[in-house]
Structures are given as structure tokens and as C-alpha cells.
Asks: 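Please find one structure pasted underneath; my questions will follow.
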Amino acid sequence: MKAKATLKQIAKELNVSVSTVSKALNDSPEISDLTKVKIKEYAKLKNYKPNVIGLNLKNRKTKTIGVIIPNILNSFFAKVFSGIEKVADEKGYNVIMCISNESAEKEAHTLEMLSNGTIDGFIVSVSEEAQKNQDYDHFSAIINDGTPIVMFDRIAEGVECDKVIVDDFDSALNATQHLINLGCKNIALLSSIDNLSVGKLRADGYLKALENNTIAVNSNIIIRTDAEDDLKDKIEKIFENKIDGIFAIEENDSVAALRIALKKGFKVPEDISIIGFADGILASRRLSPSLTTVSQHGIEIGEVAAKLLIDRLESKEEDIPYETVVIKTVLKERESTIKL
């Protein structure tokens, strides 16, 4: 007995999209007669049979959105989820949240598991492992099967879908420039997310600010690592240099910098000004002095991502151009910065 072919296999063999195969087999007027005949004959040859259950699931709207985030402990992702849930609730959609724990395998498994008719579309922030390995095939496969994805914050550049991002490069450039304008001349950079796209963009923004002000790059006060624990092991060394400012590109990095600076007897902000990236409760309310931060507007990011996805799900048009929406950040000045 011959094995049944799938839409994906037919599309691959004939070098066309899954959508084209599906439309041809359903006699869509969008597909030429020649292409229809070619695809139908090949499908018959390969013993293709439509999955009636699968079709019913695909055609039935579940009014449910799947959200996959890398880390539940990060306050930024919690705020984004809050924004998603707000819009989803207003539009009559339910939300299922899953956590990849930075694993590409778990991310792919979750996408496959939920895309069988459980949900209508996904909102995703890409896992650390997927970005590190540049492994995005699992996203493309889901999109090709007709399930839309909106990516936010951490995105896959090569995957065509709607995206919501922060102006990471400009935000870092402006934050570093703010420290320079305050009179800081020796500004340390701290990063525990250098393997992520957002981490690289923020580091590049810092370096560009130094270049714009003809400040020489001092590698002794730049720490770029892939892990928070690794950063903490190295962070004390930067205080051996005469630094007067710190730009930390992740919230936990800025909190660690503040605590170690105070422990070593430095006055913040009189001796050292500190700016962190993100705007969680810890930075703004539970630290003394409170941290000046780059606010990412997590709730707004979630709202925009949910609107993009729902608009696409409810649109009667096909082949709508994908959008990339850039959310501008705001520098929230608190007690950890002062003009020298």
C-alpha cells in the first residue's frame, strides 16, 4: 500500500507553495488551469487524500490565540502578555500561554501541538537557542501551513510574518548619549544577553554613541556575555577602572550593577550614574536609589501584536502585506543618574 503524500511534500516536489497546492486541489480561480492539472495529476500519482478532520479544524475558528514566551520570570514578557490578553478579551478571543524556556525544541513542539486546530494564530518571542543556532524552520512550516504568526521583541529576520519590535539600537544610543550629556566620560557596558538579537543591537547603539562623541572604546569596561551568572562573575572587575557611568542592557544586569556598586562603597549617582534597559517594578520601586531605565512599553507591544494577529485572522482578504511595527522607548529618569 502506497504511503499518502502530504501538501508539503507535493509543494516541495513541484517547487510551489503549500498555498498554491491547496488552492489548485480546490479549483481556486486564482490558479491557472495548467498548474491545476499538473498538481492534481501529481497528487493522484502520489496517492494524496485530503485530511477531512484537519480541514474541518483549519476552517473552524477557535477564537483562541497561542502565546509563546521564552521566560516567565522576566517582567517585560509579563507586561507584553498583559497587553495581549487585554486586546484579546476585548475582541472575544481566549489566550493560551506557553513557555519555551529558551529551548528551540520545546518552541517547535509547542507550535506543532497547538497548530492542529487548537488555536487560530500565534504571538511569539523567539527562544535563545533558536536565535543562537539561527534555526527558524519551525516557524516557516507553521506559516506555510496557513497559521499566522506575529513575532515581538526577539524576531527571526528571515521569516516573513508580522513583527513588533522596539527601537533597540536607537534606544541604547540615546541612553548612552544621556550619560555623556550628564558628564560621564568612562561608561561601562554590561550585557548578559549578547547572544540575542536585541542584545547585539543595544551594544551596537552604545558603541555608536561613543563613536559619535569621539570617545575611545575601552574593552576593560565592556562585559558582553551570554548568561547572567557569567556577568556577575565578571562585573566586579569593571570597578577597578575609573568608571563614572554604567549602561546595562538588561534589567537584571542593571540591578546587579547597582547592588555591587553600593556594596563596594560607591555613591550612586554621585560617583557613578547607572541606566538600565527595561522598566520592571524592581527597578522603579524596590531599589534605593531607584534606577533610571529605558522603558520598553511592554503592554503597548502586546496590544499592537494582538491587534495585528486578530486583524489578519478576521480579514477577508488574502496575501495581506506583512507589517513590522516599531515601538519607541522612553527614558525614565529616576535617582540613579545625576549631572556631574
Side-chain angles (χ1 to χ4, degrees), residues 2-62 64-66 68 104-105 107-124 126-127 130-131 133-152 154-165 305 308-325:
K2 291 190 292 184
K4 293 179 182 179
T6 65
L7 289 178
K8 276 188 198 176
Q9 289 167 345
I10 296 170
K12 185 178 180 181
E13 289 295 327
L14 299 180
N15 197 26
V16 295
S17 69
V18 173
S19 175
T20 297
V21 174
S22 178
K23 288 176 182 178
L25 293 173
N26 287 286
D27 281 320
S28 169
E30 298 176 39
I31 308 300
S32 71
D33 290 339
L34 185 64
T35 302
K36 284 181 190 176
V37 170
K38 180 181 176 183
I39 289 173
K40 285 180 178 180
E41 286 183 353
Y42 189 84
K44 186 177 180 181
L45 178 68
K46 292 297 181 179
N47 196 33
Y48 170 76
K49 295 287 189 299
N51 183 341
V52 177
I53 294 173
L55 285 172
N56 287 338
L57 287 170
K58 285 292 182 184
N59 292 330
R60 177 173 58 84
K61 295 294 183 184
T62 66
T64 303
I65 293 169
I68 305 177
E105 183 179 358
E107 188 174 66
H109 174 71
T110 303
L111 284 167
E112 186 177 354
M113 177 182 66
L114 295 180
S115 65
N116 65 358
T118 304
I119 57 90
D120 295 335
F122 290 100
I123 299 174
V124 180
V126 180
S127 67
Q131 285 209 324
N133 298 331
Q134 296 288 290
D135 177 14
Y136 305 133
D137 288 348
H138 48 298
F139 297 118
S140 299
I142 296 297
I143 293 168
N144 289 339
D145 265 353
T147 303
I149 293 176
V150 176
M151 293 183 177
F152 72 91
R154 303 186 203 167
I155 61 172
E157 290 290 351
V159 177
E160 291 189 4
C161 64
D162 294 311
K163 294 164 185 172
V164 185
I165 59 174
L308 279 173
L309 181 58
I310 293 170
D311 285 350
R312 185 170 290 278
L313 289 171
E314 297 186 347
S315 175
K316 294 179 181 177
E317 297 179 36
E318 291 189 22
D319 301 321
I320 305 169
Y322 292 119
E323 287 186 62
T324 295
V325 180

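The structure presented is a predicted model; accordingly, all values stated were derived computationally and were not measured.
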Asks: Taking only residues two or more places apart in sequence, or in another chain, which ones meet Leu14 in a side chain to side chain contact (heavy atoms under 4.5 Å, CB included)?
Replies: Ile10, Val16, Lys38, Ile39, Tyr42

Asks: Could you grab the distance from atom CG of Asp135 to atom NE2 of His138, nearest 0.5 Å is fine?
Replies: 5.5 Å

Asks: Grab the two heavy atoms, one from Val150 and one from Leu308, that are nearest each other, plus how far apart they are.
Replies: CG2-CB, 4.2 Å

Asks: Run the side-chain contact (heavy atoms from CB on, under 4.5 Å) check on Arg154 and Gln131 step by step: do they pass?
Replies: CA-CA 8 Å; Arg154 303 186 203 167; Gln131 285 209 324; 3.7 Å; yes

Asks: Test your reading of the model: is there a side-chain donor-acceptor pair from Lys12 to the backbone of Val18, 3.5 Å cut-off?
Replies: no

Asks: Closest heavy-atom contact between Ile143 and Cys161?
Replies: CD1-CB, 3.8 Å

Asks: Determine the minimum heavy-atom distance between Leu309 and Gly121, stating which atoms define it.
Replies: CD2-C, 3.8 Å

Asks: Verify side-chain contact (heavy atoms from CB on, under 4.5 Å) between Ile65 and Phe122, making sure each step is shown before the conclusion.
Replies: CA-CA 6 Å; Ile65 293 169; Phe122 290 100; over 6 Å; no

Asks: Roughly how far, to the nearest 0.5 Å, is the CZ atom of Arg312 from the OH atom of Tyr322?
Replies: 5.5 Å

Asks: Mark yes when over 12 heavy atoms from residues, nucleotides or ligands other than Asn133 sit less than 6.0 Å from its CG; otherwise mark no.
Replies: yes

Asks: Distance from Thr147 atom OG1 to Glu112 atom CD, nearest 0.5 Å?
Replies: 11.5 Å

Asks: Do the side chains of Asp162 and Met151 get nearer than 4.5 Å, heavy atoms only?
Replies: no

Asks: Just jot down the side chain to side chain contact (heavy atoms under 4.5 Å, CB included) partners of Ser19, sequence neighbours excluded, or say none.
Replies: Ser17, Lys23

Asks: For the pair Lys8 and Asp145, evaluate side-chain contact (heavy atoms from CB on, under 4.5 Å) and give the outcome as yes or no after the intermediate values.
Replies: CA-CA 8 Å; Lys8 276 188 198 176; Asp145 265 353; 3.6 Å; yes

Asks: Under the side-chain contact (heavy atoms from CB on, under 4.5 Å) criterion, do Val325 and Ile165 qualify, and how do the steps go?
Replies: CA-CA 6 Å; Val325 180; Ile165 59 174; over 6 Å; no

Asks: Working to the nearest 0.5 Å, report the span between CG of Asn26 and CD1 of Ile31.
Replies: 10.5 Å

Asks: For the residue pair Glu157 and Tyr136, establish whether any side-chain heavy-atom pair is separated by less than 4.5 Å.
Replies: no

Asks: With a 4.5 Å cut-off on side-chain heavy atoms, are Thr62 and Thr118 touching?
Replies: no

Asks: Kindly give the heavy-atom pair with the smallest separation between Glu107 and Val124, and that separation in Å.
Replies: OE2-CG1, 4.3 Å

Asks: Find the distance between CD (Glu30) and OG1 (Thr35) and round it off to the nearest 0.5 Å.
Replies: 12.5 Å

Asks: Quick one: closest heavy-atom pair of Val126 and Ala156, and the distance?
Replies: CG2-N, 4.0 Å

Asks: CG of Asp120 to CD1 of Ile310: how many Å apart, nearest 0.5 Å?
Replies: 9.5 Å

Asks: Side chain of Ser115, backbone of Leu111: donor and acceptor closer than 3.5 Å?
Replies: yes

Asks: For Asp27, is there an ion pair with Lys40 - N to carboxylate O distance below 4.0 angstrom?
Replies: yes

Asks: Check Ile123 against Phe152 and note the closest heavy-atom contact, atom names and distance.
Replies: CG2-CD2, 3.6 Å

Asks: Taking side chain to side chain contact (heavy atoms under 4.5 Å, CB included) as the test, write out the residues that go with Val37, two or more places apart.
Replies: Glu41

